[in-house]
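Fair warning: this is a prediction, and the values are worked out from it, not measured in the lab. To find a chain, count down the sequence lines: A is the first, B the second, and so on, and within it residues start at 1.
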Protein chains: 2
Amino acid sequence: MPRVTLQTIADALGVSRSTVSNAYNKPDQLTQELRERILAEATKLGYAGPDAAARSLRSGKTGAIGLLFTESLPYAFSDPYAVGFLTGLAEVAERHGTSLLLVPVDTGLGGTPEADLERAVRQAVVDGFCLYCVDESHPAVDIIRARGLPMVATYPPKDPHLRSVGIDDEAAAFKAGEHLARLGHERIGVVMDRWFGIRPFPPLDLEGPTPIQQVIDLAPGEESTFRLRGYRKALPDADIMVTTAERNSRAAGAVAVEELIDQRCRSTAILAVSDVIAFGVIDALRQRGLTPGQDLSVVGFDDVPQAAEFGLTTIRQPMVDRGRMVGRMLLEPDTIAERQVRLPTELVVRTSTGPRPS
Amino acid sequence: MPRVTLQTIADALGVSRSTVSNAYNKPDQLTQELRERILAEATKLGYAGPDAAARSLRSGKTGAIGLLFTESLPYAFSDPYAVGFLTGLAEVAERHGTSLLLVPVDTGLGGTPEADLERAVRQAVVDGFCLYCVDESHPAVDIIRARGLPMVATYPPKDPHLRSVGIDDEAAAFKAGEHLARLGHERIGVVMDRWFGIRPFPPLDLEGPTPIQQVIDLAPGEESTFRLRGYRKALPDADIMVTTAERNSRAAGAVAVEELIDQRCRSTAILAVSDVIAFGVIDALRQRGLTPGQDLSVVGFDDVPQAAEFGLTTIRQPMVDRGRMVGRMLLEPDTIAERQVRLPTELVVRTSTGPRPS
DNA sequence: TTGAAAGCGCTACCAT
DNA sequence: ATGGTAGCGCTTTCAA
């Protein structure tokens, strides 16, 4: 049997296609009564409404926004920060009747062939993209650019034309470092993750603890080194060693901190670049019978919901608001004047930090 | 400036549109050399590849599948079962170069107007839908049906034509009940959630503990009551009282079990319809100085990754495999013969259950 | 308030 | 291996 289209309904009722179209898209343009007759006929004939693809093609609108997301969805969903962000983004999207298209991108770890990923970005029927922790140098970003779609990044990009919602990473990290400085700490360990955002570059591999300045010099201009810079600035004379966690997870944080704890002259404080990593650090301490905030101070970054439960001193950065703001920049671009929005951060002191043990 | 299209590239190179199209979609159909010339010209002219909407319209393929998902994304993402399911689904999708479109649907709690939700389903440019814990009676499902798109549900539906991937809920619950029967328990509390799947019906509100048979009679044929039936069947002579948790979350589980624990003649065992709820039950026990498995036995349902850590006796049902199977039924339908796939379940005994205290 | 015409950009098909 | 033709289903524009 032939497919039921707008025309089918129009013919059945002896009206024009435009009128049927209006019944769905511009209810005010026709009488209530006609509209209902049309909708009833549609239901009767099993017509589900205007075809989505045809509508998108003709109108140029799709009713969806794309989210360029880490390839590893299970990891992404178990990251409380990502969940908070998505929550905010989804809230705004929903208000606009807009769906979210998750487009996984290559993390550089291989897996999906690059061609497939680019194909997914080309084929995505969306009105715009959010780059979630995906670096602007990723090839997928060039495709979005060529498609002429609006996009918003989740961190301050190098390209001044690219809109973004971020924080001042250096200033935020400075607050964390300053807090430790006030408490008298002079030997500090930093646990960062292996990734400077998702990109086609090889990840960072440090062989054991490395002096902070050396790491900063390795990747100038990257988001993660901005944090290192902030730490360094607040603690100019401290002995700061950096280790990397395999990924941004609790377990990896616990592993990564081991070499810092088990050193003979161990640090008196640990700065973790995320709360999730900090939780792992705390696990490792407890496992060794050490008490966070007494034997060793721990500072996180993010202030995810679980941080309170851990008594974790950390830097609060907006999660849900960041998602909301990205959503607004994509869906209500005219309401936001700035190209690069910086959200506020704040030091939250809990029990995981204390004065340097004497 | 005019938009760059296939035709632009074709004209610039003096070839036909079909050839340019083939360069993107059927690389084998033309010489390597011509293909490269075309791609190079495209890059030069800032052409991002065939327009996604036009391509979808013409070819009838979209490269995306829709996921009808609970409206409350934050809740969904913090549910370990959902995350596991998504992992499996995303894995298969990725293998097919397919993205995932999250379409939030009304949970019945209000919020988004119904019209918007239906619009989102109509406008979704997808090749098929997965109904994740969305009941087939939801209006969105009628739209999908009318659109003629394939869909797969995540539980056994009433409609025999609807494909699904589920488990035998009654048999699985029976195993849990049987385990308690063997341990000698005769007074049992059940904690279920308020929702029988997401649907346009009002949720279930019990006023305090209610005899199990009464709840079963309330909603015959629903997934959750299948589990109750299984419990009942395994413990025909036991005194089984049911309470409802406000939602499927740890905190809600802790609250819901209180009335069961604090009763004068308290139960000796608790059956929770999900692990997440069981974790809350365990929280509540510990808070009262009770030891799970000794003072009170607790059985969960799902066997999410955290269950081991809690020592939770539970029913294992495949999470990731369920997602994978749904993905395959949607993207490789011919490889799966059955319409209604039932996955195996298994009792996993850990330390949260023990003999009835004498 | 309704209708007729035009064409969005592409791919399937068939011909060469 | 490459090109020409037709038309996917719709919304927009403009006229009535």
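- Atom CD of Q123(A) is separated from atom C1' of dG9(C) by 15 Å (rounded to the nearest Å).
- Counting heavy atoms from C-beta on, the side chains of V152(B) and L131(B) never come closer than 4.5 Å.
- Residues R35(A) and Q29(A) have side chains not in contact (no heavy-atom distance under 4.5 Å, counting atoms from C-beta outward).
- Phosphate proximity of dC10(D) to R55(A): absent, as no side-chain N or O sits under 4.0 Å from OP1 or OP2.
- Spacing between atom CD of Q7(A) and atom P of dC10(D) amounts to 9 Å, rounded to whole angstrom units.
- OP1 or OP2 of dG9(C) has not a single side-chain nitrogen or oxygen of T5(B) nearer than 4.0 Å.
- Phosphate proximity of dG9(C) to Y47(B): absent, as no side-chain N or O sits under 4.0 Å from OP1 or OP2.
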* Asked: Going through the checks in order, is the salt bridge (charged side-chain N to carboxylate O under 4.0 Å, His left out) test met by E33(B) and R37(B)?
  -> CA-CA 6 Å; E33(B) 185 259 329; R37(B) 245 177 56 223; 3.5 Å; yes
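- Computed from coordinates, the R147(A) CZ to dC10(C) P distance equals 11 Å when rounded to whole Å.
- Atom pair D28(B):CG and dA1(D):C1' shows a separation of 12 Å (rounding to whole Å applied).
- Note on L6(B): a base of the nucleic acid sits closer than 4.0 angstrom, heavy atoms only.
- Under the 30°/60° scheme for interplanar angles, the aromatic rings of F69(A) and Y132(A) are found to be tilted.
- Distances from the side chain of A54(A) to the nucleotides dT2(D), dT11(C), dG9(D) place dG9(D) closest.
- Formation of a donor-acceptor pair under 3.5 Å by the Q340(B) side chain with backbone atoms of P156(B) is not found in this model.
- At dA12(C), one or more side-chain N or O atoms of K26(B) fall inside 4.0 Å of OP1 or OP2 (strictly under the cut-off).
- At the heavy-atom level, T31(B) lies under 4.0 Å from the strands shown only through sugar-phosphate atoms.
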Got a list of protein N/O to nucleotides 3-6 of chain D N/O distances below 3.5 Å?
unit_1 : atom_1 : unit_2 : atom_2 : d
dG3(D) : OP2    : S16(B) : N      : 3.1
dG3(D) : OP2    : T19(B) : OG1    : 2.5
dG4(D) : N7     : S18(B) : OG     : 3.4
dG4(D) : O6     : S18(B) : OG     : 2.7
dA6(D) : N6     : R17(B) : NH2    : 3.1

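- For the pair I9(A) CD1 and dG9(D) P, the interatomic distance rounds to 13 Å; values are reported in whole Å.
- Residues S21(A) and S18(A) have side chains that never bring a donor and an acceptor to within less than 3.5 angstrom of each other.
- L57(B) comes within 4.0 angstrom of a nucleotide base, judged by non-hydrogen atoms across all strands.
- Atom CD of Q29(B) is separated from atom P of dC13(C) by 12 Å (rounded to the nearest Å).
- At a threshold of 4.0 Å, the pair D51(A)-R3(A) counts as salt-bridged, since one of the basic side-chain nitrogens sits closer than that to a carboxylate oxygen.
- Rounding to whole angstrom units, CG of residue D11(A) and C1' of dG3(C) are separated by 13 Å.
- One finds a side-chain N or O of R3(A) lying less than 4.0 angstrom from the OP1 or OP2 phosphate oxygen of dG9(D).
- The interatomic distance linking D51(A) (CG) with dG9(D) (P) rounds to 7 Å, in whole Å.
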